Amino acid sequence: PLPQVLDDPHEVEKSGPLNVTKIAQGGRKLRKNWGPSWVVLAGNSLVFYREPPPTAPSSAWARGKQWAKPSRSLSFSPDCQGPAGSRPESSVDLRGAALAHGRHLSSRRNVLHIRTVPGHEFLLQSDHETELRAWHHALRAVIERLDRE
Ligand code: I3S
């Protein structure tokens with residue numbers, strides 16, 4: 001439906017609901033605070049939204065039990081495919097980032113650990129192993145592409 005997006009370097013590689021907690025900021029350890037987030041992987045960024053866009057695929061809605069129906073009608077913002085009008089909660093630059101399993105950092109299952117160059121660290125978690133695996137592959141592909149640039 002958005003053919004112009006195909007050649008766009010900021011094409012959305014993946015988006016969907018994940019449980020997220022930040023565990024370090026600039027190298028300083030933070031107390032965990034797990035919460036649901038709508039996560040968008042696009043360009044060189046991983047962007048976190050409080051709410052999913054209204055046009056999110058219904059399968060993703062069904063998978064993310066924590067997501068109720070959107071309370072407002074929102075449209076995609078052209079740059080990051082997040083809900084326009086709802087600003088991202090946060091966004092990280094994946095250039096030079098390190099990606100690893102996070103099983104040693106959490107009792108939860110299916111956890112990924114991302115550490116960015118400035119020392120911000122996040123854990124991403126899904127109860128659905130295939131989903132988390134898909135995120136792992138997508139993130140690894142983006143980070144490897146950025147390493148080559
Ligand atoms: O790695 P930790 O510190 O054992 O993480 C758990 C704690 O942060 C806990 O909070 P409080 O210690 O503030 O009560 C959280 O509720 C847990 O979810 C954290 O562990 P998991 O294994 O869920 O990442």
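Only a predicted model underlies this, so the values are computations on that prediction, with no experimental measurement involved. For this chain, numbers begin at 1 and follow the sequence in order. Remember, it's 1-based here, ligands and their atoms both numbered in the order they're listed.
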Heavy atom of protein closer than 4.0 angstrom to atom 16 (O) of ligand 1
no

Heavy-atom distance from atom 21 (P) of ligand 1 to the protein below 4.0 Å?
yes

Salt bridge Glu13-Arg145, side-chain N to carboxylate O under 4.0 Å:
yes

Residue Ser107 vicinity, atoms of ligand 1 by number, heavy atom under 4.0 Å:
21 (P), 22 (O), 23 (O)

Please identify which atoms of ligand 1 are closer than 4.0 Å to at least one heavy atom of Arg31.
11 (P), 13 (O), 14 (O)

Within 6.0 Å of CZ in Arg103, more than 12 heavy atoms from elsewhere:
no

In this structure, atom 18 (O) of ligand 1 is nearest to the protein heavy atom Trp34 CD1, 3.5 Å

Students should be able to answer this: which protein heavy-atom is nearest to atom 5 (O) of ligand 1, and at what distance?
Lys32 NZ, 3.2 Å

Co-membership, hydrophobic cluster, residues Trp34 and Leu105, 4.5 Å side-chain:
yes

Is it the case that one hydrophobic cluster holds both Ile23 and Leu94, taking links as side-chain heavy atoms less than 4.5 Å apart, direct or via other members?
no

Verify, without hydrogens or angle tests, whether Ser45 (side chain) and Val47 (backbone) share a donor-acceptor contact under 3.5 angstrom.
no

